[in-house]
Amino acid sequence: MAAIMNRYSLWKYLLIVIVIACAFIYAAPNLYPQYPAVQIMGANSTLVDDAVLSSVKTSLQEAGLAYRDAQFLDQRLLFRFDSTDVQFKAREVIQQKLGDNYLVALNLANSTPHWLTAIGAAPMKLGLDLRGGVHFLLQVDVDSVMQQRIEGDLRGIGQALREEHIRYTGITRKSTNQIVLQFVDKEVLDAAYSFVSRRYNEFTWDKQIQNSNMSLTGVLLPPAMFKAKQETLEQAMNTLRNRVNELGVSEAIVQQQGESRVSIDLPGVQDTAEAKNILDKTATLEFRLVDVEHDAGLASREGMAPPDTHFYSYHGQPILLKNDIILRGSSVVTATSGFGEDGRPNVSVRLSGAGESKFTKTTAENIGRPMAVVYVEVKSTPNMVNGKQVISYKTERDIISVATIQSALGNSFQITGLNGPNEARTLALLLRAGALPAPVTIIEERTIGPTLGKQNIHMGVLSIEVGMGLVILFMALYYGVMGLIADLALAMNLVLVVALLSLLGATLTLPGIAGLVLTVAMAADANVLIFERIREEMRRGAGLQASIHAGYERAFVTILDANITTLIVMMILFSLGSGMIKGIAITITIGLLTSMFTAITGTRALVNFIYGGRSLKRISIGI
């Protein structure tokens with residue numbers, strides 16, 4: 001029975017061999033170098049074709065910039081270079097040549113053979129700390145969105161009560177999530193309570209009666225508040241992703257951090273000025289009619305604007321604009337900067353269906369009258385108050401253009417009166433990406449150079465080599481042949497982790513490398529538990545085959561318990577941690593799963609192959 005006890009079926013050996021082969025195949029792309037590259041994609045449905053390829057090649061040759069090769073990949077054109085210096089210069093030349101109709105992004109191009117890429121094998125992505133670039137942490141003012149939400153509910157509830165002929169004496173917002181209704185009659189109060197409880201069930205409603213003062217207080221439920229804040233953050237992240245794409249940054253990482261913050265990693269970016277100028281702008285447009293019935297200068301001297309108008313300044317002179325907004329920037333589908341027939345910069349705009357009918361109707365009714373384009377921006381100012389950072393917000397509206405309506409405007413028109421091509425290009429980018437749903441503030445900024453990234457990679461790889469080398473040496477010296485079997489499992493475990501990280505498209509960061517080192521230690525620890533259990537059984541006088549069997553079976557429960565508790569911690573780190581913490585959580589989680597396979601199934605397969613199925617007098621398991 002003992003001879004049969006430690007045998008594996010043929011199909012188990014075949015399965016292990018297949019897993020190992022697949023691991024080597026999907027880990028192999030990480031052995032091939034990556035080259036600095038510039039990728040070109042079409043914007044606004046623009047195609048990248050052979051004509052673009054020829055044009056870019058000519059521009060690079062004229063600029064004296066040598067490239068390694070160029071190829072088409074999934075409707076993208078990719079140029080590879082030998083150094084990052086040439087890469088940055090080439091991007092400027094290509095962007096200047098192609099203009100705003102193309103997105104020109106920095107990238108790293110793989111030299112993985114085609115047969116590997118054809119089966120989905122690709123190298124791991126490198127994080128910001130390994131590749132170099134810029135990290136931003138943005139604070140999103142979700143409280144302002146909640147305030148707008150409550151004010152909208154305030155108007156909606158008041159309108160609904162009037163339509164139901166339920167008379168109230170007052171309706172106010174008490175805090176960021178409370179609405180208070182005032183009544184003078186208890187029957188009306190009861191009727192209002194019944195109506196709003198049924199219609200507005202996202203609030204909890206409470207009646208309060210004190211003498212002749214009767215009120216109804218509605219408090220927005222926490223799930224509704226959480227949903228509104230989460231939707232705001234998701235919309236902000238989508239907009240920021242669009243802006244990052246427009247910046248021309250490939251493989252950027254935009255993710256939520258906490259309840260009101262967004263983390264942005266821009267690999268390959270070293271100049272933060274343009275990124276900061278784009279990311280933290282709320283940036284939208286408002287189209288308003290100019291009030292020509294009143295004298296803006298006279299009204300300004302008197303200090304009182306006529307009804308339904310507001311004072312603005314345009315080229316140093318006062319101007320009156322109607323309060324009614326006939327079109328918002330959110331209705332813009334595409335926007336492209338260029339030059340008009342007069343040679344001055346402009347932005348060509350195409351609208352969606354939202355708001356287009358009102359815009360067309362209003363411009364048709366006001367032919368010959370001036371219309372202003374107002375640029376709206378919410379600026380934030382961080383201040384320290386009583387040792388805490390408090391962010392104050394201020395909305396600024398500036399007129400960028402005033403033009404006479406020549407005809408009814410449809411879904412396509414141009415914005416003129418801009419100060420230069422840079423302003424036109426920035427405005428077009430912001431309109432294409434969309435306006436942020438709430439003001440944002442950059443509260444943290446870090447820049448990591450590519451040299452430091454290379455040093456991080458070198459030190460990280462060195463730590464893995466040294467750590468794994470010491471563990472392999474210890475296991476071999478202390479446990480003999482069984483230690484060598486464990487060493488093979490350790491090496492296989494590292495290959496499996498790299499293969500899975502590559503296959504899943506995970507991003508390797510410096511903490512992720514630390515996770516790899518920790519994974520090696522945990523995998524060795526599992527084998528130590530098994531070997532010590534085998535030795536304990538041997539000291540009790542059990543047979544060698546029985547000792548091997550008992551060692552694996554009884555150590556399995558201990559290893560499983562330890563790994564489950566570690567997995568729980570990793571899940572918490574992944575759900576609550578920032579980007580770098582998520583990196584180490586992912587790496588250790590994958591490492592735990594692979595170590596269970598290599599330390600238990602892999603080593604036992606080798607032990608069974610060497611020692612199983614025959615009578616033994618001794619096994620090499622160290623001292």
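Since the structure is predicted, the reported quantities are computational estimates derived from the model, not experimental observations.
- Sorted by first and then second residue, the salt bridge (charged side-chain N to carboxylate O under 4.0 Å, His left out) pairs with a member in residues 211-240 form an empty list; sequence neighbours excluded.
- In this structure, Leu233 and Arg261 approach most closely via the heavy-atom pair CD2-N, 4.3 Å.
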Checklist entry - After noting the C-alpha distance and the side-chain angles of Leu593 and Leu500, does the key distance pass the side-chain contact (heavy atoms from CB on, under 4.5 Å) rule? => result CA-CA 11 Å; Leu593 298 176; Leu500 285 175; over 6 Å; no
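- Legend: residues meeting ring-ring contact (aromatic ring centres under 6.0 Å, His included) with Phe183, ordered by chain and number and at least two apart, are absent.
- With sequence neighbours excluded, the residues satisfying side-chain contact (heavy atoms from CB on, under 4.5 Å) with Thr204 are Val219, Leu221.
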Item to check | Derivation of the side-chain contact (heavy atoms from CB on, under 4.5 Å) call for Gln208 and Asp206 | outcome: CA-CA 7 Å; Gln208 296 176 349; Asp206 180 40; 3.5 Å; yes
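- Take Arg162 and apply the salt bridge (Lys or Arg N to Asp or Glu O under 4.0 Å) test, not counting sequence neighbours, and it matches no residue.
- Two residues are said to be in side-chain contact when any heavy atoms from C-beta on lie closer than 4.5 Å; Arg288 and Ile326 fail this criterion.
- Heavy-atom minimum distance, Leu189 versus Ser215: CD1-O, 3.8 Å.
- The side-chain contact (heavy atoms from CB on, under 4.5 Å) check on Ser502 picks up Asn30, Met124, Val498, with sequence neighbours excluded.
- Residues meeting the side-chain contact (heavy atoms from CB on, under 4.5 Å) test with Ala160, sequence neighbours left out: Phe195, Arg199, Tyr200.
- Between Ser263 and Val254, the closest side-chain pair of non-hydrogen atoms is not below 4.5 Å.
- Take Glu293 and apply the side-chain contact (heavy atoms from CB on, under 4.5 Å) test, not counting sequence neighbours, and it matches Asp291, Lys322, Arg369.
- Listed by chain and number, the residues in a salt bridge (Lys or Arg N to Asp or Glu O under 4.0 Å) with Glu202 are Arg149 (sequence neighbours excluded).
- The shortest heavy-atom contact between Ala514 and Ile584 is CB-CD1, 4.5 Å.
- The list of salt bridge (charged side-chain N to carboxylate O under 4.0 Å, His left out) pairs with a residue in residues 166-194, not counting sequence neighbours, reads Glu151-Arg173, Lys186-Asp190, Asp190-Lys207.
- Across Ile399 and Ala372, no two heavy atoms sit closer than the pair CG2-CB, 4.2 Å.
- Applying the ring-ring contact (aromatic ring centres under 6.0 Å, His included) criterion to His310, with sequence neighbours excluded, gives Tyr312.
- At a threshold of 4.5 Å between non-hydrogen side-chain atoms, the residues Ile586 and Phe574 count as touching.
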Item to check | Steps toward side-chain contact (heavy atoms from CB on, under 4.5 Å) verdict (Leu154, Ile171) | outcome: CA-CA 7 Å; Leu154 192 77; Ile171 179 169; 3.4 Å; yes
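- Rounding to the nearest 0.5 Å gives a distance of 11.5 Å between CD1 of Ile157 and CD1 of Ile166.
- Side-chain contact check for Met596 versus Ile559: some heavy-atom pair is nearer than 4.5 Å.
- Here Phe203 pairs with Trp205 under the ring-ring contact (aromatic ring centres under 6.0 Å, His included) rule; sequence neighbours left out.
- You'll find the side chain of Asn366 stays beyond 4.5 Å of the side chain of Met371, heavy atoms only.
- Counting heavy atoms of neighbouring residues, nucleotides and ligands inside a 6.0 Å radius, atom CZ of Phe226 does not exceed 12 of them.
- You'll find the side chain of Leu321 stays beyond 4.5 Å of the side chain of Thr309, heavy atoms only.
- Closest heavy-atom contact between Pro318 and Gly297: CG-CA, 4.1 Å.
- Between Leu289 atom CG and Leu320 atom CG the span is 13.0 Å, to the nearest 0.5 Å.
- Looking only at side-chain heavy atoms (C-beta outward), Leu567 and Thr589 come within less than 4.5 Å of each other.
- Put simply, CD1 on Ile588 and OG1 on Thr566 are 8.5 Å apart, with the number rounded to the nearest 0.5 Å.
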Checklist entry - Can you check side-chain contact (heavy atoms from CB on, under 4.5 Å) on Gln255 and Val262, steps first, answer last? => result CA-CA 6 Å; Gln255 59 188 1; Val262 176; over 6 Å; no
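- Once rounded to the nearest 0.5 Å, the distance linking OG1 of Thr217 with CG of Leu181 reads 8.0 Å.
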Item to check | Test log, rule side-chain hydrogen bond (donor to acceptor under 3.5 Å, both in side chains), inputs Gln256 and Gln230 | outcome: CA-CA 10 Å; Gln256 180 178 344; Gln230 193 64 27; 2.7 Å; yes
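- Looking at heavy atoms from C-beta onward, Gln182 lies out of side-chain contact with Leu216 at the 4.5 angstrom threshold.
- Looking at residues two or more places apart in sequence or on another chain, you find no side-chain hydrogen bond (donor to acceptor under 3.5 Å, both in side chains) involving Gln178.
- Taking all atoms of both residues into account, the shortest heavy-atom contact from Thr519 to Gly591 is CG2-CA, 3.3 Å.
- In this structure, CG in Leu137 is found 4.0 Å from CD1 in Ile443, a value given to the nearest 0.5 Å.
- To the nearest 0.5 Å, the span separating OG1 on Thr363 from CD on Glu365 amounts to 8.5 Å.
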